[in-house]
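Data block below; observations after.
Atom set for the values below is all heavy atoms of this structure, side chains included, hydrogens, waters and symmetry mates excluded. Being a predicted model, the structure only gives us computed values, none of them experimental. Here is how names work: the chains are called A, B, and so on, in the same order as the sequence lines, proteins then strands, and each is numbered from 1.
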Amino acid sequence: MSFICRFAPSPTGPLHIGGVRTALFNWLLAKKNKGKYFLRIEDTDKERSKEEFKKQIISSLEWLGIQHDDKEYIQSKNISKHIKIAEELIKNGFAYRCYCTEEEINEQKENCKKRGIPYVYNRKWRDAKDLNIPKNLQPVIRFKSKISGNTIIKDLVQGERNISNSTIEDFIILRKDKSPTYQLSATVDDHEMKITHVIRGDDHMINSFKQKQIYEAMGWKVPNFAHIPLIHSEKGKKLSKRDNAATLEDYMKIGIISDALRNYLLRLGWSYKDKEIFSKQESIDLFDLTGVGKSPSKLDISRIYSINETYIKTLDEKELFDHFKEYISKYKKKLEKSKEAQVFKSISFLKNKAKTLEDIWENSQYIINDKIDISEENKRLIDDLSKKIIIDFINECEKMKTFNREELESLIKSLINKHKTNFKGIGQPIRVGLTGSKFGPGIFDLILSLEKSDVIQRLKKII
RNA sequence: GGUCCCAUCGUCUAUCGGUUAGGACACAUGGUUUUCAUCCAUGAAAGAGGGGUUCGAUUCCCCUUGGGACCGCCA
C-alpha cells in the first residue's frame with residue numbers, strides 16, 4: 001500500500017500551531033511508510049490569500065524540518081480543471097445551476113430563524129425543469145447531495161462515522177463568479193495528486209462527507225480520512241489566531257528550538273508508552289495513527305518550556321550555539337566575533353539556567369554589554385569590607401599573567417582567610433561588580449568567561 | 001437550536017475486563033550547591049454521576065451531566 005499525504009494550508013495568515021501539528025502528522029505518516037508528503041497552498045480565496053503568508057508558511061515548515069516532496073502545489077493554478085469537473089458533474093446529473101439570489105437565501109435563513117428551525121437550502125433549482133431561467137442572473141453550481149440514506153466514513157482516528165445524508169445540503173461547488181469553492185478544489189486536487197491519506201483537523205469531518213460524495217459521483221477512489229482532534233486554548237476552545245501563542249512565530253520569537261516544538265506537538269494527542277523525548281528518526285519509526293487519541297488537548301506552555309529546556313541541556317553545544325546565533329540574529333542582534341567567541345566559551349554554564357534561547361541571551365548580557373548597571377539596592381551590598389577585599393583581589397589579579405581556575409581558587413581561599421569572611425562575603429560583591437546582579441553563574445565560571453582586563457576594569461568601578 | 005463527537009491527576013497521557021490506576025510537566029517539601037539555577041530524593045494529585053452486562057468494570061452498553069466541532073458563494 002502506498003502512502004501519499006499532504007498538508008494544505010490556505011495562505012490567509014501566519015502558520016497556526018494546529019496546522020503545524022497537522023503537517024507533522026502527515027509528514028510522519030508518509031515518511032514512516034516511505035511514501036510522499038506534499039504541500040499544497042490553497043489560495044482560492046482571492047481576497048484573503050497573500051503571497052507573504054505563502055512564503056512565511058513555507059519557511060516556517062522548513063524551520064521545523066518538515067520538508068515536502070516536489071515543489072509546492074499552488075491550487076489556484078488548477079482552477080480550470082476544477083471548473084471542468086463542475087461542468088462534468090452537471091452533465092452527469094450530479095450537480096445543477098442554482099439561480100437563487102443572495103437576498104432570497106438570506107430571506108430563507110431569516111424565516112428559519114424566526115420559526116426556530118434549522119436552515120437547509122430548499123433545493124429549489126435541483127430539478128427545476130419548469131422554472132424559467134432568469135436571463136440576467138449568474139448562477140452558482142450546487143452539488144446534488146444525496147437526500148436519503150446514510151454515509152459512512154471509516155476514519156482512521158475517529159473510527160466509523162455515520163451521518164444521515166439528509167443533513168447535508170446541496171453545497172455550492174462553483175461560485176457566481178465561476179470560481180471553485182473549497183469542497184470542489186480540495187477534492188479534485190486530492191484526486192489529481194493521488195492522495196491516499198487525508199489527515200486534517202477534526203473541524204473538517206463534515207467536509208469529508210461532502211467530498212466523499214463528489215469522489216463517488218466522479219467514480220474516483222475515495223482516500224482514507226483521518227481527522228485528528230483539535231488543539232484547544234487554555235479556555236478549552238478551538239485555538240484561534242487571536243489566542244496568545246497560537247502561531248508558530250510566537251514560539252520562534254521566545255527562543256523555542258524547532259526540535260523541541262516538534263517533540264511537544266508530537267506528544268500532544270499522541271503517545272508511545274511512557275516515552276517523552278523523540279528524536280526525529282524515532283518519531284518517524286514509532287509514529288502511528290492508531291496512537292492518536294480522540295479528544296482535544298489543551299496547549300500547555302509550561303510543557304513546551306520544559307521540553308525546550310531538555311533540548312537546551314542535552315543538545316551538542318556547537319549545535320545549540322548555532323541555534324542561538326540564528327535566533328539572536330533574527331530577533332535580537334547579531335554579535336561581533338569576539339563577543340561571539342566569549343559567549344560560546346561560556347555556553348556550558350549559560351545554558352544551565354535557561355529554558356529558552358531568549359534566556360541564554362539574557363544570561364549572556366553581562367558578556368555582551370560592556371557597561372554594567374548596578375541598582376542602588378545591589379550597590380548597598382558592597383560595604384567597606386567588600387571594597388577592601390576587592391582591592392586585594394584586583395591587586396592579585398594584576399600579578400597573574402592569565403586567569404586559570406586553580407590560581408583563582410587558591411586566591412579566593414586566601415582572601416577568605418585574610419579577611420575572616422566566607423565565600424559569600426567575597427563572591428557576592430564580585431558577582432555584583434561583574435554582572436550588576438546578585439544572581440548569575442558560579443564565581444569562577446563568571447571570572448573566566450570575561451577578559452582579565454575587563455574583570456579588573458569592572459571591579460575598579462565599584463571600589 | 002440542528003447534526004456529529006469527546007470524557008483517567010491542574011495539564012499531556014499509559015491502561016486494550018482482574019494494576020497498590022503508571023509516567024511526564026506543573027506544584028509542594030527536603031538534600032547537594034558560594035548566589036540564582038541545575039541536579040537528586042520525597043510528597044500531594046485522577047477514572048464526572050447513575051444504571052446495567054459480568055465472578056469482576058476506568059475499560060463493554062444505556063441515560064444524565066459537562067465540554068467541544070460543524071451548521072459561509074472561508075478554507
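The pairing partner recorded for B/A57 is none, the criterion being a Watson-Crick or G-U wobble arrangement whose two distances lie under 3.5 angstrom. Under the Watson-Crick or G-U wobble criterion, with both distances below 3.5 Å, B/U11 is paired with B/A24. When Watson-Crick and G-U wobble pairs are counted only if both distances are under 3.5 Å, B/C39 pairs with B/G31. In this entry B/G2 has B/C70 as its Watson-Crick or G-U wobble partner, both defining distances falling under 3.5 Å.
Nearest to the side chain of A/N352, among B/C5, B/U38, B/U13, sits B/U38.
Atom CD1 of A/I307 is separated from atom C1' of B/G23 by 13 Å (rounded to the nearest Å). Straight-line distance from the CD1 atom of A/I360 to the P atom of B/A37: 18 Å, rounded to whole Å. Counting to the nearest Å, the C1' atom of B/C12 and the CG atom of A/L268 are 7 Å from each other. For the pair A/E234 CD and B/C12 P, the computed distance is 11 Å after rounding to whole Å. For the pair A/Y264 OH and B/C12 P, the interatomic distance rounds to 8 Å; values are reported in whole Å. In this entry the distance linking CZ of A/R267 with P of B/G23 reads 14 Å, nearest Å. In this structure, the CD1 atom of A/I412 is 14 Å from the C1' atom of B/U35, given to the nearest Å. A straight line from CD of A/E276 to P of B/G23 spans 12 Å, rounded to a whole angstrom.
Side-chain polar atoms of A/Q183 and A/N207 form a donor-acceptor pair below 3.5 angstrom. A/D392 and A/H419 share a donor-acceptor pair across their side chains, judged by distance under 3.5 Å alone.
Rounded to a whole angstrom, the distance from the C1' atom of B/A75 to that of B/C71 is 15 Å. Taking the C1' atoms as reference points, B/U8 lies 13 Å from B/G23, given to the whole Å. Comparing B/C6 with B/C39, their P atoms sit 39 Å apart, to the nearest whole Å. Taking atom P on both B/G67 and B/A45, the two are 27 Å apart, rounded to the nearest angstrom. Only the C1' atoms considered, B/U59 is 13 Å distant from B/U53, to the nearest whole Å. Taking atom C1' in both B/U58 and B/A14, the straight-line distance is 12 Å, to the nearest Å. Rounded to whole Å, the separation between the C1' atoms of B/A7 and B/U15 comes to 16 Å. Using C1' as the reference atom, B/G31 and B/U38 are 14 Å apart when rounded to the nearest Å.
Partner A/H204 forms a ring-ring contact (aromatic ring centres under 6.0 Å, His included) with one of A/F209, A/F225, A/Y182 and no other, that one being A/Y182. The side-chain hydrogen bond (donor to acceptor under 3.5 Å, both in side chains) test with A/H82 singles out one residue from A/S185, A/S179, A/S76, and that residue is A/S185.
Distances shown here put a side-chain N or O of A/K294 below 4.0 Å from the OP1 or OP2 atom of B/C6. Distances shorter than 4.0 Å separate none of the side-chain N or O atoms of A/S302 from OP1 or OP2 on B/C25. For the OP1/OP2 pair of B/C6 and a distance below 4.0 Å, the side-chain nitrogens and oxygens of A/R161 include at least one atom meeting the criterion. Between A/S295 and B/G68, a side-chain N or O to OP1/OP2 separation shorter than 4.0 Å is absent.
No engagement by A/P229 is indicated, since no non-hydrogen atom pair under 4.0 Å with the nucleic acid exists. When heavy atoms are screened at a 4.0 angstrom cut-off, A/K438 is found touching base atoms of the nucleic acid. Counting any heavy atom pair closer than 4.0 Å across all strands shown, A/G269 reaches sugar-phosphate atoms only and no base atom.
The aromatic rings of A/Y121 and A/Y96 lie parallel to each other, their planes meeting at an angle below 30°, with 60° marking the opposite boundary. Using a 30° and 60° split on the angle between ring planes, A/Y215 and A/W220 fall in the perpendicular class, above 60°.
Ion pairing between a basic and an acidic side chain is recognised when a charged N comes within 4.0 Å of a carboxylate O; A/K237 and A/D243 show no such pairing. In summary, A/R6 and A/D190 engage in a salt bridge, as defined by a charged side-chain N under 4.0 Å from a carboxylate O. A salt bridge links A/K81 to A/E192: one of the charged nitrogens lies within less than 4.0 Å of a carboxylate oxygen.
Residue A/G291 is the one, among A/G291 and A/F439, whose nearest nucleotide of RNA chain B lies closer to the 5' end (criterion: closest heavy atom). Between A/K298 and A/E160, it is A/E160 whose nearest contact on RNA chain B lies nearer the 5' terminus.
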Going 5' to 3' through nucleotides 69-75 of chain B and flagging B where a protein heavy-atom sits under 4.0 Å of the base, S where only the sugar-phosphate is that close, and - otherwise, we get SS--BBB
